[in-house]
Amino acid sequence: MSAILQISSPMRQCISSLEPSMSQAIRIGSHAKVLRSQLFPTTAPTTTTKINARHLSSIEHNPRWRASGVLDSYVAQPAHPISLRQLVFFGGRNLDEKKIINSANYVRTELPLRIAHRIRDMQKLPYVVVTNRHLSEVYELYYKAFESFRRIPEIKSLEDNEKFCEIVKTALQEHLTVIPSLAMGVLECNDLVPSHELDRFMNVILRSRISRRVIAEQHLALTDTFNSPFHFPDSVNHQPHDFVGEVFLRCNAREVVEQVGKHTLELAREANSSNSPIPEIQIEGHLDTTFPYIPSHLEYIIGELLRNSIQATIDHHTQLSTSTSSTTPIHLPPIKILICHTKEHIIFRVSDQGGGIPIAELPHLWSFAKGPRANNYLQNFSQVPKMAATLQELQKTAHTHSRRESMDTSLSRLTSRPPNLRLGMGLPMSRVYAEYWAGSLELHSLDGYGTDVFLQVSKLGNKCEQLNLDGV
Amino acid sequence: MYRAVAVARPLQRTLVRRVSTSFNSHGGGGSMLEGYTPPTTSPANDMIAQLAAKHLDRLSLKDLIRFGRPPLTAQSLLTSARITREYLPVRLSRRIRALRNLPYIIVSNPNISKIYNNYIESLTAILAFPANSLTNLTEESKFTELLTEIVKTHSNTIPVLAKGFLECRGYTTPEEATKFLDHHLRARIGTRLMAEQHIGLHLASVPQPPTIDVPGESYIGTVDTELRPAEIIDSCASFVGDICELRYGARPKLTIDGNPDIMFPYIPVHLEYIITELLKNAFRATIEANTPVPITVTIAAAPGPPDAGGITIRIRDQGGGIAPEDFCHIWSYSFSTFNGSRSSIGSGNSGHLDDLCDVGTDGGDDVMSRFTESAGALETSSIAGLGYGLPMSRAYAEYFGGSLKVQSAYGWGTDVYLRLKGVGLDGL
C-alpha cells in the first residue's frame with residue numbers, strides 16, 4: 001500500500017486519474033487514433049473507442065490494408081549487423097563530421113530495413129493475434145516508424161543530422177510503450193496460440209528492438225559527444241574517454257553491482273513496510289574486473305535479478321517467522337553475488353536464500369506468455385504506461401542521480417514502475433538482453449531454500465570484428 | 001575357441017535351455033580376440049523380438065513400494081515374483097535387441113560380445129524358470145536365487161561395454177557410442193532395480209540365516225523410506241576423503257548446511273553413487289586449486305510433506321571451475337574424446353572430469369576395489385579411467401524424474417545441482 005503512495009508523481013497521476021483497465025484502453029485507443037489521423041488523414045479510424053471498456057480485450061482491431069510492394073522490397077534486403085567492437089571503434093576516437101554523417105546514414109537506412117523485417121514477422125502471425133488491441137497498436141507504431149524513416153532523405157550536413165536526431169529521439173520515446181503492449185498482447189493471446197510460438201515471436205521482436213535502440217542511441221550519443229566532447233557532468237570516477245557513445249568501455253563489475261544493489265535495496269525499503277528487515281548484499285570474487293559493455297543493459301539485468309532475490313528473501317523469511325510465530329527479530333540471510341572473471345566471460349552468480357522456486361513454476365519462468373498467472377500479470381501491466389526495460393524505470397524519477405541520466409540518452413528519460421509490481425517478465429527480458437551480446441542467463445532453484453542465477457556476459461572487447469553478435 | 005562356438009550352439013537348438021556354465025569362465029576379454037566367432041543368428045530371434053516388442057511401463061518409485069512395508073505376505077511376495085518373472089525377460093530382450101542392431105564389427109569385439117552373451121544367458125535362464133511354478137515360497141526362493149545370480153553376472157557391464165567401445169572407436173562415432181551407452185545404462189538401471197527390488201523384498205520377508213545381510217526396517221526392498229541425505233553425504237565424504245589422503249596427502253573440508261535433518265524416501269545406492277562421483281570431482285578440484293575454502297553442500301527440501309516434495313542438493317566448491325573448452329565434454333564418456341594419448345585422460349587441466357580414476361589403474365592399490373564393495377552392486381565408475389561418472393550420475397538422477405546440472409564459474413569454482421523427486425508414502 002505504502003508503495004503505491006510513494007511512486008513518482010507522473011505515475012500517480014496516471015493511476016489516480018483513471019481506473020487501471022480503463023486508463024490503458026482509452027489511452028491506447030486514442031493514441032492509435034491520433035497516429036492514424038496523422039498518417040492517413042483521409043481514412044476514417046477503423047476502431048471505435050465507444051465500446052464498453054470491460055469488453056475491450058476481446059475486441060479485434062481490423063488491420064488496415066496497405067500495398068505491400070515497398071515493404072517487400074525492404075524485406076528482400078538483409079540487415080547489416082554490427083558488433084559492439086564496431087560500435088566502439090567506428091564511433092570512438094577522432095570523431096569528425098564525416099564519421100557523424102556516415103553514422104547517421106547508417107542508422108537512417110538500417111532502421112527502416114530492420115523494422116520492415118519485424119513488420120513482416122508480425123504479418124505472418126495468425127490474424128487473431130495481430131488484431132489483438134495491444135499488438136495491433138505495436139503494428140501501427142512500427143508501420144508508422146517504417147514509413148517515416150524510409151522517407152528521410154540522405155543526411156549530408158550536421159544540420160541534417162540535428163533534425164534526424166530529433167526524429168530518432170521522438171521515435172524512441174514513442175516506442176517506449178512497445179514492451180508493455182507486446183507483453184500484454186502476448187499474455188492476452190495466451191489461449192489462442194501455443195505459448196512457445198508467442199515466446200519465439202517475443203524473443204525475435206525484442207532482440208530486434210534492442211538492436212535498433214542500440215544503433216539509434218549510439219548515434220545520438222555520438223552526436224552529443226561530438227557536440228560537447230568533454231562535457232560529462234557526472235563522471236567523477238571516470239575519465240571521459242571511458243565512454244564511446246552509448247558503449248561504456250570500462251564497465252567495472254563491482255561498481256555496477258554495488259550501484260544497482262543500492263538502488264534495488266532502496267526500492268525494497270519503499271515497497272515493504274518500514275519495520276521489515278532488508279537483506280544485505282555481499283559481493284565476492286574477482287572484484288576489480290572491468291570490461292566493455294553497455295551499462296544500461298547490465299544494470300537492467302542485475303537490477304531484475306536483485307529485485308527478485310531481495311523480495312523473495314523478505315517474503316520467504318517473513319513467512320517462515322510468521323509460521324513459527326517466533327518473537328525474535330527476523331534475521332535475513334544475505335544475498336551473495338560472485339563476480340568471476342574468465343578469459344572470455346564475466347560471470348555473475350546471484351545466490352539468495354529466498355526459498356527457491358516451486359518446481360511447478362519452473363516451466364513458465366522464461367515465458368512471456370505464462371499460462372497460470374497470466375491474469376495477475378495482465379492486471380499489473382495496466383499500471384505501467386511506458387517501459388523501456390532499464391533499471392531507471394524502477395527508480396523514483398524524483399531522485400535519480402544516475403550517471404546514465406547525465407548522458408541524456410532516451411534510455412535515461414524513463415517512466416518509473418512501482419517496484420513491487422510483479423510483471424513476470426523480468427527474467428525473460430533479462431535473458432533476451434543477456435543473450436543479445438552472446439551471453440547467457442541460467443537459473444537453478446533449490447526449492448525450499450533459495451535460488452542461484454548465473455549471468456554470463458561476453459568480454460566483447462576481445463572479440464574480433466567479424467563476430468556479428470548483433471541480433472538484428 | 002571351442003567355448004565360444006559352444007555359446008551359440010545350444011541356442012540354435014532351443015533358447016529355453018540352460019546354457020552351459022562354462023560361459024561364466026570367459027574372463028579376460030582380450031585373450032578371446034583370436035579366432036573368435038561372434039554369436040550367429042539363432043532361431044530364438046523371433047522370441048526375442050516378440051518379447052522386446054511387449055509393452056513396458058517405466059519403472060517408478062511408486063511401483064517399487066506398491067506392496068507396502070515388508071515383511072510381505074506370501075501372496076504379495078509371489079505376486080512380486082511373478083511380475084518380475086514376466087517383465088524381466090522383456091527388459092533383457094530389449095537390451096539384446098539393441099546390442100544386435102549394432103554393427104557386426106562392434107558386437108564382434110570380445111568385450112561387447114561378452115556382454116551380449118551375458119544377456120543371452122540371463123534371458124535363457126529366466127525363461128527356463130516356468131512362470132506357472134511360482135505358486136509357493138520354495139519356488140519363489142529358487143527364483144530369487146536365480147535373480148541374485150543374474151544381478152551378479154551383470155554387475156560389471158558398463159565398464160566392459162565402455163572398454164569395448166573404446167577399442168572400437170575406429171568403427172563408430174563418439175556420438176553413436178555415447179548414444180548407445182547412454183540408452184543402455186539408463187535402461188539397465190530399471191532392469192537391475194526390478195531384480196534387486198524382488199531380492200530385497202524376499203530377504204526382508206522370508207527368514208534368513210544370520211550370515212545374510214537383511215535390509216533395515218525402514219527399507220522397502222531397495223528403497224529406504226527414511227533416507228537421510230546428510231548421512232550419505234557424510235559417509236561418501238569420508239570415503240572420498242580417504243582416497244584423497246592416500247593419493248594427494250590432503251583431505252578437503254566439507255560443510256553441510258540448509259536442511260541437514262531432512263528425511264525422504266529414495267534408493268540409497270543410487271544417491272551414494274551420485275554423491276561419491278560429485279564429491280570426487282569437488283575434492284580433487286579443491287586439492288588441485290590448493291584452496292582452504294571448504295566444499296559446501298546445501299540440502300534443500302521443498303515445502304510440503306517431506307516424502308513427496310523432493311530435495312535439491314547443491315555441491316559448491318571453490319576449486320577453480322571447469323574450463324569452457326572442457327565443459328562441453330563433461331557429459332560424454334571420456335573415451336569419446338579420447339585422442340590416443342593415454343595421459344590425456346585423467347590428468348591435465350580437465351582433471352575435474354576424470355576425477356580420481358587414476359587411483360584404480362596406475363596407482364594399482366586397492367582403493368577402488370574398496371569403493372566397489374561400499375557401493376554394493378553398483379559398478380565403480382572409474383575402472384580403466386573411462387571416466388563416465390558424471391553421465392552415469394545424471395542417468396541415475398534422471399531415472400526417477402530428477403536432474404543433475406553443473407554450473408562452472410571458471411577461475412573460481414563449480415556448483416552442481418542434484419534434484420531428486422521423492423515418492424508419497426501415504427497408505428504404507
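So you know, we letter chains A, B, ... as the sequences are listed, proteins then strands, and number each from 1.
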Hey, can you dump all donor-acceptor pairs under 3.5 Å between chain B and chain A, distances included?
residue : atom : partner : partner atom : Å
A302(B) : N    : D447(A) : O            : 3.4
R314(B) : NH1  : D452(A) : OD1          : 3.0
R314(B) : NH1  : D452(A) : OD2          : 2.8
R316(B) : NH2  : S351(A) : OG           : 3.0
R316(B) : NH2  : D452(A) : OD2          : 2.9
Q407(B) : OE1  : H444(A) : NE2          : 2.5
D415(B) : OD1  : R349(A) : NH1          : 3.3
D415(B) : OD2  : R349(A) : NH1          : 3.0
Y417(B) : OH   : D452(A) : OD2          : 2.4

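- At least one side-chain heavy atom of L64(B) sits less than 4.5 Å from a side-chain heavy atom of L59(B).
- In this structure, the portions of L446(A) lying under 4.5 Å from any heavy atom of chain B include both its backbone and its side chain.
- Checked against ring pair (Phe, Tyr, Trp, His ring centres under 6.0 Å), F348(A) has no partners two or more places apart in sequence or in another chain.
- Between L404(B) and L278(B) there is a side-chain heavy-atom pair separated by less than 4.5 Å.
- Counting only heavy atoms from C-beta outward, the side chains of L254(B) and P294(B) never approach each other to under 4.5 Å.
- Scored by the side chain to side chain contact (heavy atoms under 4.5 Å, CB included) test, S60(B) finds K62(B), D63(B) as partners (sequence neighbours excluded).
- Partners of S218(B) under the side chain to side chain donor-acceptor pair (under 3.5 Å) rule, at least two apart in sequence or in another chain, are D224(B).
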